[in-house]
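First listed ligand is number 1; within each ligand, the first listed atom is number 1.
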Amino acid sequence: MASRYDETYRRSMADPEGFWADAAGAIAWDRRWDTVLDTSRPPFARWFVGARLNTCFNALDRHVAAGRGDQAALIHDSPVTGAARAFSYRELTDTVARAAGAFRALGVGQSDRVLVYMPMIPEAVVAMLACARLGAVHSVVFGGFAPNELVKRIDDAKPKLIVSASCGLEGARAIPYKPLLDEAIRLAAIKPDHCLIKQRPQVAAALEPGRDLDWDDAVARAAPADCVPVAATDPLYILYTSGTTGVPKGVVRDNGGHAVALAWSMANVYGVAPGEVFWAASDVGWVVGHSYIVYAPLLHGCTSILYEGKPVGTPDAGAYWRLIAQHGVAALFTAPTAFRAIKREDPKGEHIGRYDLGRFRTLFLAGERADPDTVKWAEDRLRRPVIDHWWQTETGWPMGANCVGLGALPIKHGSPTKPVPGYRIEVLDEKARPVAAGQIGAIAVKLPLPPGCLPTLWHNDDGFSKSYLSDFPGYYKTGDAGFIDEDGYLFIMARTDDIINVAGHRLSTGGMEEVLASHPDVAECAVIGAADALKGQVPVGFLVLKAGVNRPHAEIVAEVVRLVRERIGPVASFCTATVVQRLPKTRSGKILRGTMVKIADGQSYTTPATIDDPVILDEITVALKGIGYPEKG
Ligand code: COA
Ligand code: AMP
């Protein structure tokens, strides 16, 4: 089939309002919009102004009314507990309506916030959709974060209700969630009125009388709640993501633009049809989980998989193929790190042959750079298209992809192909001038952003403007650097800020430095992201100790490793640090982190002309050798 990509992209650029008004036909509206795109308050833009809808109605109720009641909406597959439970659209609608009733009985109404701190169990999806049903705003926090990170999110979002579970399962380990939640609430300035706790058989959580309620009891007792129509521009959720400091950014998603963009993406980017099975092997705590476990597949009438397992070890490197075969998955979306883990355990892909992958068409990778070796390995073993695509929490759906639904374009390894319709992507120099094809620069999106992207940060228009819109007036700054080649293909090479990507998880080295700096023996510190064969990048810390500190370095390193785990969480994978005499700096005092990364990764580097004292780079090289860098591979 000849690709319709070019004509579709051209139309989305020439007539964005017409393009997205047409796409909005896939959504059921309670009231049609007055204006498709309102840019009357630059640099802010709002989509479908004046329209009203309910996202939960669009994800569930209308599919039941249209005859999909008996189709599976959600399949929870949990290899460790042995559970593989399907919820039909009818069942999920009824459960969500009752959960919404329980939330309402606890005082949750339109625009109230509900914090969801849940493992990968159906109740997490139910809680999100129940919020959407009431017009309440959910804020899901990934389970691998420590109480301190929860505190920041509680204090910023000010939730009336927190929904959690007694434990999560990490491989065979049960991780109690409730003590972490109790600690976070103790430390937070804002206290929720109530917590609803799903008790799991593996761990029983102690409930605090008056504040905590049992999820099962509350939902069983509740009267079902109807969908509350909200403005298209009302917030659906807040998702906190790492910025350059330890203070996370509250990315806001609206209801209308989000529903339109996600529904469009399912058919046109992912090429799946209603009724097919879509599996995003991520976590509901990340944007991939929000968009492609919960909202997009349901908005499109697909069956979505909620997988509470790992790519390896639950029980083996054939786990993904078992799920694809058992549930008839048409498209899988995961992070390259998962494939590196599978490749490491099963280099010949022998597990693949044990399963019938007959209905599986396409593999999508995102979340970090897809290294060509991993992509080629997956292509060779699976004999199916492997599509690298590029996006971020802020955009909520892909900015760059090979839109297989429009007819795939030729693949270039190392590139997520071309800008997705709706995104005018340019590569800029530091003066915001577009650079020539093939030249590296800052990747930016010309405003306005298409529907689905963040309209602002939670209660922080200024922060939104400063973080994303100020450096390149008229553009949204992605924070990524790269180039566009002569054929218009995008290449995403690196971040331009302190964000690193560890096993597909976005983390701030600035946030980790704040933790290291709080250690009483540390005078100065730096954290860099070093290349890692499995996780893509891992953080490595450098500590300069205060004068007179003469405790064993290994002790201090162990303490800072523990501190990062306690304050940020295990997900940071902060395991390695080294003590150095000095940090390499420019004469104006800026730490040369980029040069340190090159040394850690074994790349050649030129000594920066502005360096204060070049000898320090030799000291850093020796220190890194002492902790095993450059990695052997
Ligand atoms: N709740 C509690 N703890 C969690 C957690 C959660 N939801 N998710 C991760 N953790 C913990 C892990 O148990 C681990 O703890 P440990 O240091 O005690 O072992 C730590 O955080 C680091 O986790 P992770 O980076 O996931 O490493 P891993 O060694 O457990 O697994 C992979 C490595 C590659 C198998 C794993 O990262 C993976 O499956 N990645 C898939 C990619 C993905 O889902 N990306 C999301 C964006 S698309
Ligand atoms: P997150 O907000 O967690 O989704 O992380 C977004 C960041 O991950 C992007 O800004 C990129 O730096 C990186 N990223 C995501 N997808 C890709 C990709 N396909 N190629 C390269 N980097 C990617």
Side-chain angles (χ1 to χ4, degrees), residues 117-120 124 141-146 165 167-177 180 239-243 249 251 280-293 307-314 317 319-320 333-345 364-371 375 387-401 414-417 443 454 477-482 490-497 499-507 529 532 534-538 561 564-565 568-575:
Y117 184 56
M118 292 284 253
M120 291 286 282
V141 181
F142 177 63
F145 282 124
C167 70
L169 296 175
E170 273 294 294
R173 273 183 305 159
I175 314 262
Y177 271 37
L180 304 177
L239 178 57
Y240 290 89
T241 190
S242 300
K249 298 180 190 173
V251 166
S282 177
D283 188 287
V284 286
W286 304 115
V287 69
V288 177
H290 281 63
S291 293
Y292 292 105
I293 296 175
Y307 175 56
E308 189 182 26
K310 298 263 174 182
V312 293
T314 54
Y320 275 20
F333 175 167
T334 190
T337 189
F339 265 73
R340 290 195 294 270
I342 295 170
K343 181 171 102 174
R344 198 167 68 166
E345 294 226 340
F364 295 91
L365 298 176
E368 55 173 326
R369 187 173 153 74
D371 54 290
V375 173
I387 306 294
D388 174 21
H389 64 321
W390 165 65
W391 51 298
Q392 45 189 205
T393 305
E394 289 84 346
T395 64
W397 66 291
M399 289 183 281
S415 165
T417 315
I443 308 181
L454 81 171
K477 180 178 81 171
T478 65
D480 285 321
L490 290 162
F491 287 79
I492 315 300
M493 306 309 288
R495 287 289 304 190
T496 56
D497 53 18
I499 287 170
I500 58 171
N501 225 304
V502 181
H505 309 317
R506 172 167 161 179
L507 295 158
D532 182 82
L534 174 64
K535 297 195 177 189
Q537 283 182 303
V538 288
V561 165
V564 175
R565 198 176 168 90
I568 297 179
V571 68
S573 296
F574 184 87
C575 307

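- Contact annotation: for R173 versus ligand 1, heavy atoms closer than 4.0 Å belong to the side chain alone.
- Only the backbone of W391 comes within contact range of ligand 2, with a heavy atom under 4.0 Å; no side-chain atom does.
- Contacts between F574 and ligand 1 below 4.0 angstrom, taking non-hydrogen atoms only, are absent altogether.
- The shell of residues lying under 4.0 angstrom from ligand 1, judged by heavy atoms, excludes G367.
- Within the 4.0 Å heavy-atom cutoff, A281 counts among the residues contacting ligand 1.
- Distances between N or O atoms of T337 and those of ligand 1 include no value under 3.5 Å.
- Note: no N/O pair closer than 3.5 Å links T478 and ligand 2 by distance alone.
- The shortest N/O to N/O separation between H389 and ligand 2 falls below 3.5 Å.
- Of all the atoms in ligand 2, the ones that sit under 4.0 Å from a non-hydrogen atom of I492 are 21 (C), 22 (N).
- Among protein heavy atoms, the minimum distance from atom 3 (O) of ligand 2 is reached at R506 CB, 3.2 Å.
- Taking the six-membered ring for Trp and thresholds of 30 and 60 degrees, Y307 and Y320 have ring planes more than 60 degrees apart, a perpendicular arrangement.
- Which of M118, E170, M120 comes nearest to atom 11 (C) of ligand 1 through a heavy atom is settled by distance: it is E170.
- Counting heavy atoms under 4.0 Å from ligand 2, residue N501 touches it through the side chain alone.
- Scanning all protein heavy atoms for the shortest distance to atom 1 (P) of ligand 2 gives T393 OG1, 3.4 Å.
- Considering backbone and side-chain N/O of S282, none are found under 3.5 Å from N/O of ligand 1.
- Side chain of T417 to backbone of A401: no donor-acceptor contact under 3.5 angstrom is found.
- Under the 3.5 Å distance criterion, the side-chain polar atoms of Q537 are matched with a main-chain donor or acceptor of N501.
- Within 4.0 Å of atom 32 (C) of ligand 1, not a single protein heavy atom is present.
- Using a 4.0 Å heavy-atom cutoff, G168 is absent from the residues neighbouring ligand 1.
- Taking 4.5 Å as the limit, some side-chain heavy atom of S291 sits within range of a side-chain heavy atom of W391.
- Of the protein's non-hydrogen atoms, the one nearest atom 17 (C) of ligand 2 is E368 O, 3.5 Å.
- Of the N or O atoms in D388, one or more lie within a sub-3.5 Å distance of an N or O in ligand 2.
- Where the criterion is an N or O separation shorter than 3.5 Å, residue side chain and backbone included, G367 meets it with respect to ligand 2.
- Of all the heavy atoms of R340, none lies under 4.0 Å from any atom of ligand 1, so neither backbone nor side chain is involved.
- Of the heavy atoms in P570, both backbone and side-chain atoms come closer than 4.0 Å to ligand 1.
- Interface atoms of ligand 1 facing G144, defined by a heavy-atom separation under 4.0 Å, are 1 (N), 2 (C), 3 (N), 4 (C), 5 (C), 6 (C), 7 (N).
- Panel note: side chain H290, backbone G285; no donor-acceptor pair is recorded below 3.5 Å.
- The closest approach between K535 and ligand 1 falls below 4.0 Å for a heavy atom of the residue.
- Proximity to G504 (heavy-atom distance under 4.0 Å) selects the following atoms of ligand 1: 47 (C).
- Shown in contact with Y177 at under 4.0 Å from a heavy atom are these atoms of ligand 1, numbered in order with element: 1 (N), 7 (N).
- Judged by distance alone, with hydrogens and angles left aside, the side-chain atoms of E170 form no donor-acceptor pair with the main-chain N or O of I175 at under 3.5 Å.
- With a heavy-atom cut-off of 4.0 Å, D480 touches ligand 2 through its side chain alone.
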